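Single-structure report; data block below.
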Amino acid sequence: GHRVSRGFSSSGRYTPNYIVSSTYIKLLTELVAVQKALDSAWRDTMTSRIIVLVKRQQEQSDKTVETHAERLRDREVAESVVVERYPDATERADLTVDYSERDTEEVYVVPMVSAQTKGTQQAMTTMAEYIAGSATFCNPVGYSPFVTDIIVDRASEVVEPAADVSLILISLGSSSLPYQRRMLCYHRTRLLEQTAYGEVTISHLLQDPTVECARHNVSNEHTVAVPVFVSSNVTTREEIPQKLGVDSGNIDYTDPLGTHLRLTDAIQAEVAKQRAIRDQRGKSDRPIFGMPSDDSHQPVTISRSTHGSKL
């Protein structure tokens, strides 16, 4: 059977509308047990692991990524959790750690963006030149189901999910790569299946459908827009609200993913997934890129001498 969970918690915070089946509850219980086992195994071997979170240059003053790094340290999922900035394509990467001197077996690099762009690919490829031996370059965190939960939380802080409410998901987009669009479509499908929003649409800054047209692509009187970006920056604070026409009324606008606890969970889950794939494939002396080349999100190994032409 099914039950519907909705309304407000004892703390007064709104709990999003979700249709929950008994099968889903059983599966969730099993996943929690598996995650606890994985966490225990991680702590047993954490001395051989470094997690590197890479943030954009323009987000230098924003401490969102540092917050997630601190949480991961508190969870003791690695010997070290480091925050680096995107390397400049024209200069040597200005890294805070000399990875060639670290006595470690596993390095996991996580691009702190919602989905791939050309800039992300170029930055990760550049970083591969400065991390000795083998490193696993993980997928961006935006593909995680945990991000769906964050979107619901951000939107429900503004307006309660209902059939007469439209939800707009916004990403940077790309004129040549499909990953930003695929990421939003993934969450759009989940939101339509799991929440009471009557309408969920997507829009982008750099591709169609554009943010400027977003308000014309919804039909409900009440609309809330969520920027599916990791950190707050000039794009989320100024450019998107202006192009969306927030000041004109009829559209509520939320914060980006930010420091939400579920985003920390998404980072940890992505590294755990890539570690499992790494263990299955066996150790490599070349960097392993988990960047999605299609909908399967399978990692590929790239040689240092040819990686620039592979991505």
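In this chain, numbering begins with 1 at the start of the sequence shown. Small disclaimer: the values here were computed from a predicted structure and weren't measured.
Closest of all the heavy-atom pairs between Arg237 and Ser232 is NH1-OG, 3.2 Å. Nearest heavy-atom pair, Thr64 versus Thr259, reported as atom, atom and distance to 0.1 Å: CA-CG2, 3.9 Å. Shown here for Cys138 and Pro111, the closest heavy-atom pair between the two residues is O-CD, 3.3 Å. Of all non-hydrogen atoms in Arg188 and Ile202, the two that sit nearest each other are CD-CG2, 4.1 Å. Of all heavy-atom pairs between Arg71 and Thr264, the closest is NH1-OG1, 2.9 Å. Contact between Arg182 and Tyr143 at its shortest, heavy atoms only, is CB-OH, 4.4 Å.
To the nearest 0.5 angstrom, Tyr197 atom OH is 8.0 Å from Leu191 atom CG. Atoms CD1 and CG, from Ile240 and Leu172 in turn, are 8.0 Å apart once rounded to the nearest 0.5 Å. Separation of atoms NE2 (His204) and CD (Gln180) is listed at 8.0 Å; rounding is to 0.5 Å. Here Arg154 contributes atom CZ and His260 contributes atom NE2; the two are 5.5 Å apart, rounded to the nearest 0.5 Å. Ile168 CD1 to Leu184 CG: the interatomic distance, rounded to the nearest 0.5 Å, is 12.0 Å. A distance of 12.0 Å separates CD of Gln274 from CZ of Phe137, quoted to the nearest 0.5 Å.
Within the 4.5 Å cutoff, side-chain heavy atoms of Pro145 are placed close to those of Arg190. Met183 has its side chain out of reach of Pro140: every pair of non-hydrogen atoms, C-beta onward, lies at least 4.5 Å apart. For the pair Ile251 and Val218, the minimum side-chain heavy-atom distance is 4.5 Å or more. Looking at Val147 and Ser114, their side chains never come closer than 4.5 Å, going by heavy atoms from C-beta outward. Side-chain contact check for Val234 versus Glu239: every heavy-atom pair is 4.5 Å or farther apart. Considering only heavy atoms from C-beta on, Thr236 comes within 4.5 Å of Tyr253 through its side chain. No side-chain heavy atom of Thr254 sits under 4.5 Å from any side-chain heavy atom of Glu157. Contact check for Leu177 versus Lys118: side-chain heavy atoms found under the 4.5 Å cut-off.
Taking a cutoff of 4.0 Å between a charged side-chain nitrogen and a carboxylate oxygen, Arg73 and Glu70 qualify as a salt bridge. Salt bridge annotation for Asp265-Arg75: present, with a cationic side-chain nitrogen under 4.0 angstrom from a carboxylate oxygen.
With 3.5 Å as the limit, one finds no donor-acceptor pair spanning the side chains of Thr136 and Arg275. A donor atom on one side chain and an acceptor atom on the other are not found under 3.5 Å apart for Gln194 and Thr148.
With hydrogens and angles disregarded, a donor-acceptor distance shorter than 3.5 Å links the side chain of Gln207 to the backbone of Ser174. Between the His187 side chain and the Asp149 main chain, no donor and acceptor come within less than 3.5 Å of each other.
The side-chain hydrogen bond (donor to acceptor under 3.5 Å, both in side chains) test with Ser166 singles out one residue from His222, Glu221, Glu199, Arg215, and that residue is Glu199. Under the side chain to side chain contact (heavy atoms under 4.5 Å, CB included) test applied with Ile170, the options Thr201, Val211, Thr210 reduce to a single match, Val211.
Within a 6.0 Å radius of CD in Gln242, other residues, nucleotides and ligands contribute 12 heavy atoms or fewer. By the 6.0 Å contact criterion, CG on Asp247 is open, its count of non-hydrogen atoms from other residues, nucleotides or ligands being 12 or less.
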